[in-house]
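For reference, the structure is listed below as structure tokens.
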Amino acid sequence: MVSEERPPTATGAGPGDGGGPLSARQLTALVVARTTSCAGFFAVLPYLGLWLVDDRGLSGTDAGLVVGSSILANRAGGVLLVPLIHRLGLKASVGAGYLGAVVAFCALGSGLRLPASCWLVLAALVGLFLAMATTAMKAQIAAFPPDQRLRGFSYLNMAVNAGSAVGPVIGGALLEWHADRLPLAAAALDLVALTVVPALPGAWRASERPQPAGGGGRGRWLPQRRFVAFSLLVCGTWVAYAQVFDVLPAYLGDTVGARDLGLVFTLNAVLVVVLQVPVSALCRRVLNRPRGGFGILCFAANVVLAAAVLLFALGRSAGLGLLLGAMVLFTLSELVWSPLYDAQVGERRGTLTTTAAYALAGVAWGAAESVGAWLGTLLVVHRSASGALSPAAAPYWGAAALALLTGLAMSWGGRRTSDKPLGGHEGSVHDVDVSARA
């Protein structure tokens, strides 16, 4: 697929300005910033409700609202902050997001006795600031040279999984040892992320301007049909994803112990950290092959995802070995589709700025995961029957079907547009984005 023209940016020597390949220093900064910030968020989020009830005296209802406000702000905050990100610039927005998270976490851990509404505002600010940093960082990676984008998103996916695995361990230990320091530990982790922001690629004021389009400045908020269709199709994968990461504990219930279930999810985090880079290198080779491309990779990843969720459906009656095997398949699928979809957002954004594109895609995919988690949980709770054909397994059959349909749709779309340049450009070796060839 011919890559979109990049909008003009402030001059700079980094990849974010269309320069040379990513340096080890820049990749290290990306991984450290994303790992520590993600660890900080997940050190607090799973225990926030319990901490507010036990240490701050909130009711269960109020604590639930506070936790929900943080999750919602983290999912939708990127869209709300796009104008500010455009004004500040991408690199400055990453720094401002981490700085704001440090301040908000410090306020949470200051020992103040506040009404529920104040805790809600502080938790929402944490979500908003981290959404700002995440959206700006994804837009930074989307501005990398074409042959570096999939690599950048692969490292980002590895960092997210490492942080989300380490964070709950830190939070759980602190909750037992010194609960009132839980938010302060998250602030310290975000402070580490803030210190490496200067090493990220791009210039501080390399703010992206919207691409010229027939609609003028309105183009930044008018997604084209191609981008909308892609974002909605990907929701099928995220619904399937939710059945594993959000619904599986409720589905397995009392049939699988918490320790064994923790081992299954730990396996996912370890495999992502170990295999993400080599799997992404293999994906880049497949994308370069004449018979390869985005469509075939996306189809293969969703087929493996469908197989994994069907194996998880047997989890109530099968042993731990089958659950571990299913998680291996699930992780291999995630290693392909997660960075691949992120790279595609930048390629299919049309007249949208990259910042707006990643913000809008994040809201759509977050909503799909939330709806999938809600429906899946609704269908599996209080249903004791086991086996892949039991009513409780219905979400997993539905998830498998959605994954297969998503893969087929992406494969068909990739073949249909594979030999047709977009936007009237003539294809060349420099125009083709190997991270997202359709």
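We use all heavy atoms of the structure for the numbers below, so side chains are in, but hydrogens, waters and symmetry mates are not.
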Do the side chains of [Y] and [X] get nearer than 4.5 Å, heavy atoms only?
X: Val380; Y: Pro395; answer: yes
X: Val336; Y: Leu282; answer: no
X: Leu287; Y: Leu297; answer: yes
X: Trp374; Y: Leu378; answer: yes
X: Leu332; Y: Val328; answer: yes
X: Leu360; Y: Ser231; answer: no
X: Leu30; Y: Met137; answer: yes
X: Leu305; Y: Leu329; answer: no

Could you tell me whether Tyr358 and Phe153 have their ring centroids closer than 6.0 angstrom? yes
Validation row, ring centre Phe42 to ring centre Tyr47 under 6.0 Å: no
Who are the side chain to side chain contact (heavy atoms under 4.5 Å, CB included) partners of Ala269, not counting sequence neighbours? Ala165
Check whether [X] reaches the backbone of [Y] with its side chain - one donor and one acceptor, N or O, closer than 3.5 Å.
X: Ser70; Y: Val67; result: no
X: Arg149; Y: Ala343; result: no
X: Gln243; Y: Leu248; result: no
X: Gln276; Y: Tyr155; result: no
X: Lys91; Y: Pro198; result: yes
X: Ser37; Y: Arg34; result: yes
X: Asn302; Y: Cys298; result: yes
X: Ser164; Y: Asn161; result: yes

For residues 363-379, which residue pairs pass the salt bridge (Lys or Arg N to Asp or Glu O under 4.0 Å) check, not counting sequence neighbours? Arg75-Glu369
For a side chain to side chain contact (heavy atoms under 4.5 Å, CB included) check, start with the C-alpha distance between Leu200 and Gln26, then their side-chain angles and the critical distance, and finish with the verdict. CA-CA 5 Å; Leu200 294 175; Gln26 291 167 336; over 6 Å; no
Measure the [atom1]-[atom2] distance between [X] and [Y] for me, rounded to the nearest 0.5 Å.
X: Leu88; Y: Leu81; atom1: CG; atom2: CG; value: 9.5 Å
X: Met410; Y: Leu233; atom1: CE; atom2: CG; value: 5.0 Å
X: Ile170; Y: Leu189; atom1: CD1; atom2: CG; value: 5.0 Å
X: Arg284; Y: Leu340; atom1: CZ; atom2: CG; value: 12.0 Å
X: Thr351; Y: Phe227; atom1: OG1; atom2: CZ; value: 10.0 Å
X: Met327; Y: Leu322; atom1: CE; atom2: CG; value: 12.0 Å

Return the minimal non-hydrogen interatomic distance between [X] and [Y], and the atom names on each side.
X: Val82; Y: Ala356; value: CG2-CA, 4.0 Å
X: Ala123; Y: Leu48; value: CB-CD2, 4.4 Å
X: Leu130; Y: Asp190; value: CD2-OD1, 3.7 Å
X: Ala368; Y: Val239; value: O-CG2, 3.6 Å
X: Gly315; Y: Leu323; value: CA-CD2, 3.7 Å
X: Leu267; Y: Leu324; value: CD2-O, 3.6 Å

Worked check of side chain to side chain contact (heavy atoms under 4.5 Å, CB included) between Phe294 and Phe299: CA-CA 9 Å; Phe294 168 77; Phe299 177 72; over 6 Å; no
Answer yes if the side chains of [X] and [Y] hold a donor-acceptor pair under 3.5 Å, and no otherwise.
X: Trp337; Y: Ser333; answer: yes
X: Asn157; Y: Ser338; answer: yes
X: Glu334; Y: Asn268; answer: yes

What orientation do Phe230 and Trp365 show, parallel under 30°, tilted 30 to 60°, or perpendicular over 60°? perpendicular
Residue pair Phe105, Phe129: steps toward the side chain to side chain contact (heavy atoms under 4.5 Å, CB included) verdict: CA-CA 11 Å; Phe105 275 129; Phe129 282 124; over 6 Å; no
Check the pair Tyr251 / Tyr396 against ring pair (Phe, Tyr, Trp, His ring centres under 6.0 Å), numbers first and verdict last. CA-CA 10 Å; Tyr251 174 66; Tyr396 293 88; 4.8 Å; yes
Please evaluate residues Val32 and Val192 with respect to the criterion side chain to side chain contact (heavy atoms under 4.5 Å, CB included), reporting the C-alpha separation (whole Å), side-chain torsions for both, the decisive distance (0.1 Å), and the verdict. CA-CA 8 Å; Val32 170; Val192 174; 4.2 Å; yes
